[in-house]
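None of these values were measured; they are calculated from a predicted model. Residues: numbered from 1 along the sequence shown.
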Amino acid sequence: MDGIIGQLDSQAVWEEFLAHRLMKGRFTWPLFDAADTYVEERRYLPVAEAFMRGEGPGIPERKSINKMGTGKKRTVYSFDPDETRVLKLVSHLLYRYDACFAPNCYSFRRGLKASDAIFSLLKVLRGRRMWAYKLDIHDYFNSISIPILLPILKGILSDDPSLYSFLERMLTDDRALSGGEVVHGRKGVMAGTPTAPFLADVYLMEVDRYFADKGVVYARYSDDIILFAPDRETLEAHKAVLLDFLARYRLEVNPSKERVYTPDEPFEFLGFRCLGNAIDISRATVRKMKGKIRRAARSVARWRRRKDLDAGRAMKGLIRTFNNKFFEDDDPQALTWSRWYFPVINRTEGLREIDRYLQQYIRYLGTERHTKANYRIRYADLKALGYRSLVHEYYRYRESASAGTDSSR
């Protein structure tokens, strides 16, 4: 087997990578044209050859960005754009080690999606009364201990020492750029960088394998973990083992996202709410989206007053923002709701609640008041401004998917 670093200057490898991303829908045509030119002109060579000589990557930039759906910040890292492109190829080639992971790890696996975790759990749980324990690891990617990770990684990459040396160099460099200044500190596997998802899977592979070998109903998607047991006592025993693992790996549980579910209540995982065969959007997701709508509407209202703009333009702005979030985006890899939720859910209560809430705030921008008079702005008026109902678009998606299935038979 050829080493991964030794393949970075191969035109054939880059062309295969480009074709893979195109077939997976990772490109718009303009983005594909740009990537195709990049590969055809072999503009990757300077960085690829530097990596092959044992150099780089350089110092990543550290940024704080808004966490999706909340007012909180999260820290992400990014390398130079050309280095990032080559690291994306490295990440693509790392899928050769996918067989190392337990089947209950669903994050960033080739051929697996979050929906597979949900459907697999529901299949195993069907007809069984089970308790559940769910947790979220606080700032997982950036909290990973590199001294603990490296021996695990070395074992996996024993057949590719040059790749291990490259990753070791990258992970042990404690420098980052912040505000144009070089700072030093713990970075973990650097959330936002192309190799971080693979390394995050590697870090807890012992935990995943333990529960798989014990036959415990368990699933992990990056920093989200859920496990099940037939009774509370067994659940507490599994929970104790899991928390002991996380403590040994120097990870902290986010207490606000830790939850025990009884057999009679729906469990929530990866943004979904499940009970029996019913799958809806989780209450936590609904709450987050309401907060996002509320903050966005208030921001647009302030902008409207400052610029003395008409209500229709403000309403259109809010509608366009959430149409992009729910249904479409210029980035083909963006996880719009139509891509994440529509293929999985079979209930629409959560969608209906968000529809009502968004309509309320679109109308609010027409008057900047929350009164019954807002309903003088009719639903037809909202549609004329471009509003698209989540429930309506969901049923259109289901009809289209059903028609596609029928036509392929």
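For the pair Leu242/Leu135, a side-chain contact is recorded, criterion being any heavy-atom separation below 4.5 Å from C-beta on. Here the side chains of Met289 and Ile281 are not in contact, with every heavy-atom distance at 4.5 Å or above. In this structure the side chain of Phe322 never reaches within 4.5 angstrom of the side chain of Ile362, judged on heavy atoms. Annotation: side chain of Thr84 is not in contact with side chain of Asp80 (no heavy-atom distance under 4.5 Å).
Judged by distance alone, with hydrogens and angles left aside, the side-chain atoms of Asn323 form a donor-acceptor pair with the main-chain N or O of Gly386 at under 3.5 Å. For Thr348 (side chain) and Leu351 (main-chain N/O), no donor-acceptor pair under 3.5 Å exists by modelled atom type. When atom types are taken as modelled, the side chain of Glu252 and the backbone of Ile137 share no donor-acceptor pair closer than 3.5 angstrom. Side-chain atoms of Ser143 come within 3.5 Å of backbone N or O of Asp139 as a donor-acceptor pair. When atom types are taken as modelled, the side chain of Thr193 and the backbone of Met190 share a donor-acceptor pair closer than 3.5 angstrom. Here the side chain of Arg110 pairs no donor or acceptor atom with the backbone of Tyr95 at under 3.5 angstrom. Under the 3.5 Å distance criterion, the side-chain polar atoms of Thr321 are matched with a main-chain donor or acceptor of Gly317. The backbone N or O of Ala176 sits nowhere less than 3.5 Å from a side-chain atom of Lys187 that would complete a donor-acceptor pair. Panel note: side chain Asp174, backbone His184; no donor-acceptor pair is recorded below 3.5 Å. The backbone N or O of Val391 lies less than 3.5 Å from a partner atom in the side chain of Asp355, making a donor-acceptor pair.
Here Arg248 contributes atom CZ and Ser145 contributes atom OG; the two are 13.0 Å apart, rounded to the nearest 0.5 Å. Between the OG atom in Ser91 and the CZ atom in Phe108 there is a gap of 9.5 Å [rounded to 0.5 Å]. Note: Leu390 CG to Ile354 CD1 = 6.0 Å, rounded to the nearest 0.5 Å. Atom CG of Leu94 and atom CG of Leu157 lie 7.0 Å apart (nearest 0.5 Å). Note that OH of Tyr394 and CD of Glu399 are 11.0 Å apart. Values are rounded to the nearest 0.5 Å. Summarising the geometry, atom CZ belonging to Arg232 is positioned 6.5 Å from atom CG belonging to Leu235; distances are rounded to the nearest 0.5 Å.
The ring-ring contact (aromatic ring centres under 6.0 Å, His included) test with Phe228 is passed by exactly one of Tyr133, Trp131, Phe267: Phe267. Under the side-chain contact (heavy atoms from CB on, under 4.5 Å) test applied with Phe342, the options Glu393, Arg396, Arg398 reduce to a single match, Glu393.
With sequence neighbours left out, Asp201 forms a side chain to side chain donor-acceptor pair (under 3.5 Å) with Ser107. Residues passing the side chain to side chain contact (heavy atoms under 4.5 Å, CB included) test with Val216 are Phe211, Lys214, Tyr218, Leu227, His238, sequence neighbours excluded. Applying the side chain to side chain contact (heavy atoms under 4.5 Å, CB included) test to Leu112 and every residue at least two apart in sequence or in another chain returns Tyr106, Arg109, Asp116. With sequence neighbours excluded, no residue forms a ring pair (Phe, Tyr, Trp, His ring centres under 6.0 Å) with Tyr395. Under the side chain to side chain contact (heavy atoms under 4.5 Å, CB included) criterion, Glu168 pairs with Leu150, Tyr164, Thr172, not counting sequence neighbours.
Classification of the Phe272-Trp340 ring pair by plane angle, with boundaries at 30° and 60°, yields parallel. Ring geometry for Tyr379 versus Tyr387: interplanar angle over 60°, hence perpendicular rather than tilted (30 to 60°). Ring pair Trp337/Phe326 is perpendicular by interplanar angle, where above 60° counts as perpendicular and below 30° as parallel.
Checked by atom type, the side-chain pair Ser165/Ser162 shows no donor-acceptor distance below 3.5 Å. Between Asn142 and Thr75, the side chains place no donor N or O within less than 3.5 Å of an acceptor N or O (distance only, hydrogens not considered). A donor atom on one side chain and an acceptor atom on the other are found under 3.5 Å apart for Ser256 and Asn254.
Salt-bridge check for Arg347 with Glu349: failed, with every basic side-chain N at 4.0 Å or more from each acidic carboxylate O. Under 4.0 Å is where a charged nitrogen must lie from a carboxylate oxygen, and between Arg283 and Glu353 at least one such pair does. Salt-bridge formation is detected for the pair Arg220/Asp208: a Lys NZ or Arg NE/NH1/NH2 atom is positioned less than 4.0 Å from an Asp or Glu carboxylate oxygen.
Atom NE2 of His92 has more than 12 neighbouring heavy atoms from other residues, nucleotides or ligands inside a 6.0 Å radius. Annotation for Arg313: atom CZ does not count as buried by contact number, only 12 or fewer foreign heavy atoms lying within 6.0 Å. Surrounding CZ of Arg42 are more than 12 heavy atoms belonging to other residues, nucleotides or ligands, all under 6.0 Å away. For CD of Glu265, the number of neighbouring non-hydrogen atoms (other residues, nucleotides, ligands) closer than 6.0 Å is greater than 12. Remark: Lys316 NZ is loosely packed, at most 12 non-hydrogen atoms of other residues, nucleotides or ligands lying under 6.0 Å away.
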Please report the C-alpha distance between Thr336 and Arg339 in whole Å, then the side-chain angles of each, then the deciding distance to 0.1 Å, and finally whether the side-chain contact (heavy atoms from CB on, under 4.5 Å) criterion is met.
CA-CA 5 Å; Thr336 58; Arg339 292 176 183 146; 3.3 Å; yes
Assess whether ring pair (Phe, Tyr, Trp, His ring centres under 6.0 Å) is satisfied between Tyr364 and Tyr361, documenting all intermediate values.
CA-CA 5 Å; Tyr364 159 78; Tyr361 272 92; 5.8 Å; yes
Could you please spell out the steps behind the side-chain contact (heavy atoms from CB on, under 4.5 Å) verdict for Phe32 and Leu18?
CA-CA 8 Å; Phe32 174 74; Leu18 190 66; 3.7 Å; yes
Determine, stepwise, if the pair Tyr221 / Lys113 fulfils side-chain contact (heavy atoms from CB on, under 4.5 Å).
CA-CA 9 Å; Tyr221 194 96; Lys113 306 181 293 297; over 6 Å; no
Assess whether side-chain contact (heavy atoms from CB on, under 4.5 Å) is satisfied between Val39 and Gln11, documenting all intermediate values.
CA-CA 7 Å; Val39 171; Gln11 183 82 351; 4.2 Å; yes
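In terms of heavy-atom proximity, Ser389 sits nearest to Phe327 at O-CZ, 4.1 Å. Annotation for Ala297 and Leu365: closest pair O-CD2, 3.4 Å, computed over non-hydrogen atoms. Among all heavy-atom pairs drawn from Cys100 and Met205, the shortest one is O-CE, 3.4 Å. Nearest heavy-atom pair across Leu382 and Ile319 is O-CD1, 4.0 Å. When all heavy atoms are compared, the tightest approach of Arg378 to Arg363 is C-NH2, 3.8 Å. Of all non-hydrogen atoms in Tyr357 and Arg294, the two that sit nearest each other are OH-NH1, 2.9 Å.
Listed by first and then second residue, the ring-ring contact (aromatic ring centres under 6.0 Å, His included) pairs involving residues 42-63 are Trp14-Tyr44, Phe51-Phe166 (not counting sequence neighbours).
Both the sub-6.0 Å distance and the 45° axial angle are satisfied by Arg85 relative to the ring of Tyr38.
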